[in-house]
Amino acid sequence: MTLARFIATFGGCGLAPKAPGTVGSLAALVVGLPLLKRPKGLLLSAVAASVIGVWASKHAGDGEDHNWIVIDEVAGMWISLLACLPTQKDEKPSLVWPLIAFGLFRLFDIKKPGPVGVLDRRHDAIGIMGDDVVAGFMAAGCVKLLRKLKR
């Protein structure tokens with residue numbers, strides 16, 4: 001396995017026989033949960049996954065969005081988790097918001113509304129990564145709105 005393929009599959013998660021995108025997103029959620037205690041770490045991880053993901057998907061997948069490429073789901077999931085960061089110092093950690101972020105991210109990634117679909121129709125590394133990055137931002141926006149409405 002090449003380094004590009006290892007990264008593109010997020011350490012092999014994309015090689016799951018069923019629903020590799022969901023498996024990759026779930027793995028990103030599990031890895032991302034501890035990063036909620038380290039906001040800068042989560043932000044840097046999301047940026048790194050996005051940038052390195054462009055390189056990895058270009059070199060491992062020859063510009064095609066193979067179902068085993070899941071680094072895009074990882075980047076999008078970590079972006080959506082940014083909306084789950086504690087807003088107050090005394091706020092207790094909750095799994096509710098990360099699970100909502102996961103569900104919304106998967107919804108936008110699968111349904112591909114608006115700009116997500118536009119980027120998905122590109123057949124290059126920017127399209128592979130871009131649709132999930134935008135889906136992550138859309139999920140984050142929805143989580144932020146829901147958290148604001150709950151107050």
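- Linking Ile, Leu, Val, Met, Phe, Trp and Tyr whenever their side-chain heavy atoms come within less than 4.5 Å leaves Leu82 and Val134 in two separate clusters.
- Separating the OG atom in Ser80 from the CE atom in Met138 is a distance of 12.5 Å, to the nearest 0.5 Å.
- Contact record, Ala75 with Met129: CB-CE, 3.9 Å, taken as the closest heavy-atom pair.
- Residues Val54 and Leu3 share a hydrophobic cluster, clusters being chains of Ile/Leu/Val/Met/Phe/Trp/Tyr side chains in contact below 4.5 Å.
- Note on Ile110 and Val118: separate hydrophobic clusters, where clusters join Ile, Leu, Val, Met, Phe, Trp and Tyr whose side-chain heavy atoms are under 4.5 Å apart, directly or indirectly.
- Annotation: Phe137, atom CZ; neighbour count of heavy atoms from other residues, nucleotides and ligands within 6.0 Å does not exceed 12.
- Looking at His59, its side chain never comes within 3.5 Å of a backbone N or O of Ala4 through a donor-acceptor pair.
- Taking CG of Leu43 as the reference point, atom CG of Leu81 lies at 12.0 Å (rounded to 0.5 Å).
- Rounding to the nearest 0.5 angstrom, the gap separating the CD atom in Glu64 from the CD1 atom in Ile128 is 7.0 Å.
- Considering only heavy atoms from C-beta on, Leu99 comes within 4.5 Å of Leu29 through its side chain.
- The cluster map of Ile, Leu, Val, Met, Phe, Trp and Tyr, joined by side-chain heavy atoms under 4.5 Å apart, puts Val133 and Leu44 in different clusters.
- A donor-acceptor pair under 3.5 Å is absent between the side-chain atoms of Trp68 and the main chain of Pro20, judged by distance alone.
- Partner of Cys84 under the side-chain contact (heavy atoms from CB on, under 4.5 Å) criterion, chosen from Leu33, Val143, Leu42: Val143.
- Contact detail for Val74 and Ala49: the closest heavy-atom pair is CG1-CB, 4.4 Å.
- A 4.5 Å side-chain heavy-atom check between Arg106 and Glu73 finds at least one atom pair inside the cut-off.
- Across Ser94 and Val96, no two heavy atoms sit closer than the pair OG-N, 3.1 Å.
- When atom types are taken as modelled, the side chain of Arg121 and the backbone of Gly117 share a donor-acceptor pair closer than 3.5 angstrom.
- Residues Ala83 and Lys144 approach most closely at CB-CG, 3.8 Å, considering heavy atoms.
- In this structure, Leu85 and Trp97 have side chains that are not in contact, with every pair of non-hydrogen atoms separated by 4.5 Å or more.
- Looking at heavy atoms from C-beta onward, Ile52 lies out of side-chain contact with Ile71 at the 4.5 angstrom threshold.
- Every residue two or more places apart in sequence or in another chain was checked for a salt bridge (Lys or Arg N to Asp or Glu O under 4.0 Å) with Asp65, and none qualifies.
- Linking ILVMFWY side-chain heavy atoms closer than 4.5 Å, directly or via other members, places Trp55 and Val51 in a single hydrophobic cluster.
- Looking only at side-chain heavy atoms (C-beta outward), Ser57 and Asp72 stay at 4.5 Å or farther from each other.
- Under the 4.5 Å side-chain criterion, counting only non-hydrogen atoms from C-beta, Lys150 is not in contact with Leu146.
- The main-chain N or O of Gly12 is never found under 3.5 Å from a side-chain atom of Arg5 such that the two would form a donor-acceptor pair.
- Nearest heavy-atom pair, Phe105 versus Ser25, reported as atom, atom and distance to 0.1 Å: CE2-OG, 3.5 Å.
- Taken from CG in Leu35 to NZ in Lys40, the straight-line distance is 14.5 Å, to the nearest 0.5 Å.
- Taken to the nearest 0.5 Å, the OG1 atom of Thr87 stands 10.5 Å off from the NZ atom of Lys148.
- Note on Asp124 versus Lys58: no salt bridge recorded, every NZ/NE/NH1/NH2 to OD/OE distance being 4.0 Å or above.
- Atoms CD1 and CG, from Ile100 and Leu107 in turn, are 13.0 Å apart once rounded to the nearest 0.5 Å.
- With a 4.5 Å cut-off on side-chain heavy atoms, Trp78 and Ser50 do not count as touching.
- Under the 4.5 Å side-chain criterion, counting only non-hydrogen atoms from C-beta, Phe10 is not in contact with Val23.
- The minimum heavy-atom distance linking Ala139 with Ala101 is given by the pair CB-O, 4.1 Å.
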